[in-house]
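Presented below is the structure to which this report refers.
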Amino acid sequence: MTPADRRDRHLRALELPVVEAAAALVGCTITHGACSGVIVETEAYHDSEPACHAFVGVTPRTQTLFEAPGIAYVYRSYGIHALLNVVVEPAGVGAAVLIRALQPRTGERLMARRRGGERLTELCSGPGKLTQALGIGLQLNATPLLGGPIELGPPPGHEDPPRLVVGPRIGITRATELPWRFCAAGSRHVSRPWPHGLLA
DNA sequence: CATGGGATTGACT
DNA sequence: GTCAATCCCATGC
């Protein structure tokens, strides 16, 4: 992998079909204010399958999913949590990558305060946890991820992208057979349950 | 207008 | 392992 490939990794991901985008975004970074982390877990959602909010078509809720790629879809889950997605695929297609876990990179002290003092591996190990840690709320729905309040960035450092462990998506009741969950192999920062073979 | 169901988490048995 | 919290919104009458 060349330095240019690494530098543009997040930009390339935004142009890919959602399942490939979900795989490519693992290793990229998410930043909000002073807090940031490396993406270690994602899931893909597409309007062709019933687990995706966009399956029902364009509604006030799903509008954002059908916009052009590169914006955030932030929605309330279980009346409590804000979940962050990266909208991908051309305008008119409802598709997004759910950011499920981060490896904290900066602003750890602030994130720990927001989370009530968690261990580092538990700080952002879930889609609701990471938005709380980074201070991301529903008001950031539909904001750009390039030059916006939430910034999607390339992988830090000079490492190659992590090996991926692929498994079925979790926490859903429909289309559970699709292997659209991607975790950085060996990472202890991913959400439970860990996919089979994570540490192998 | 009433209802049901979550792309979750944390506390508890 | 079980379960409640909490609220928006899509659906159906």
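In what follows, chains carry the letters A, B, and so on, assigned in the order in which the sequence lines appear, proteins first and then strands, with residues in each chain numbered from 1. Please read all numbers here as calculations on a predicted model, not as lab measurements.
For DNA chain B, the residues of residues 161-181 of chain A within the heavy-atom distance limit of 4.0 Å (strictly under) are A:G171, A:I172, A:T173, sorted by number. A heavy atom closer than 4.0 Å to some atom of DNA chain C occurs in A:V56, A:T59, A:P60, A:R61, these being the qualifying members of residues 54-69 of chain A. Annotation: proximity of residues 113-122 of chain A to DNA chain B (heavy atom, distance under 4.0 Å) is found for A:R115, A:E118, numbered in ascending order. Contacts of residues 77-107 of chain A with DNA chain B (heavy atom under 4.0 Å): A:S77, A:Y78, A:G79, A:H81, A:L83, A:N85, A:L98, A:R100. For the segment residues 15-33 of chain A, the set of residues with a heavy atom within less than 4.0 Å of an atom of DNA chain C is empty. A heavy atom lying under 4.0 Å from DNA chain B marks none of the residues of residues 132-139 of chain A.
Secondary-structure annotation of DNA chain C gives the stems B:1-6 with C:7-12, B:8-12 with C:1-5, with a stem taken as at least 3 successive Watson-Crick or G-U pairs whose two distances both fall under 3.5 Å.
Under a hydrophobic-cluster definition in which Ile, Leu, Val, Met, Phe, Trp and Tyr are linked whenever side-chain heavy atoms come within less than 4.5 Å, directly or via other members, A:V58 and A:Y75 are assigned to the same cluster. A:W180 is connected to A:V166 through a chain of hydrophobic side-chain contacts under 4.5 Å among Ile, Leu, Val, Met, Phe, Trp and Tyr, so both are in one cluster. With hydrophobic clusters built from ILVMFWY side chains whose heavy atoms lie under 4.5 angstrom apart, A:V19 does not share a cluster with A:Y45. A continuous path of ILVMFWY side-chain contacts below 4.5 Å connects A:I39 to A:V74, so both sit in one hydrophobic cluster. Two different hydrophobic clusters hold A:L102 and A:L83 under the rule that ILVMFWY side chains link at heavy-atom gaps under 4.5 Å.
Checking A:H46 against A:S48 by side-chain atom types alone, a donor-acceptor pair falls below 3.5 Å.
In this structure, CG on A:L65 lies 8.5 Å from CD1 on A:I71, to the nearest 0.5 angstrom. In this structure, CD1 in A:I150 is found 8.5 Å from CG in A:L134, a value given to the nearest 0.5 Å.
Here side chain to side chain donor-acceptor pair (under 3.5 Å) pairs that include residues 26-35 of chain A, with residues two or more places apart or in two chains, number zero.
Here the closest heavy-atom approach between residue A:L123 and residue A:A133 is recorded as O-CB, 4.0 Å. Closest heavy-atom contact between A:P155 and A:R9: CG-NH1, 3.3 Å.
Residues meeting the salt bridge (Lys or Arg N to Asp or Glu O under 4.0 Å) test with A:E49, sequence neighbours left out: A:R169.
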For this session: Go through the steps for A:R114 and A:L110 under the test side-chain contact (heavy atoms from CB on, under 4.5 Å), then give the verdict.
Result: CA-CA 6 Å; A:R114 287 180 176 138; A:L110 174 55; 3.6 Å; yes
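In this structure a side-chain-to-backbone donor-acceptor pair under 3.5 Å is present from A:T131 to A:G128.
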Please table the atom pairs, donor to acceptor, closer than 3.5 Å between any side-chain atom in residues 84-101 of chain A and protein atoms at least two apart or in another chain.
| unit_1 | atom_1 | unit_2 | atom_2 | d |
| --- | --- | --- | --- | --- |
| A:N85 | ND2 | A:Y73 | O | 3.2 |
| A:E89 | OE2 | A:V18 | N | 2.8 |
| A:R100 | NE | A:E41 | OE2 | 2.9 |
| A:R100 | NH2 | A:S191 | OG | 3.3 |

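Of all nucleotides in DNA chain C, those with any atom nearer than 4.0 Å to a heavy atom of chain A start and finish, going 5' to 3', at C:dA5 to C:dT11. Taking a heavy-atom distance under 4.0 Å as the criterion, the stretch of DNA chain B touched by chain A extends 5' to 3' from B:dG6 to B:dG10.
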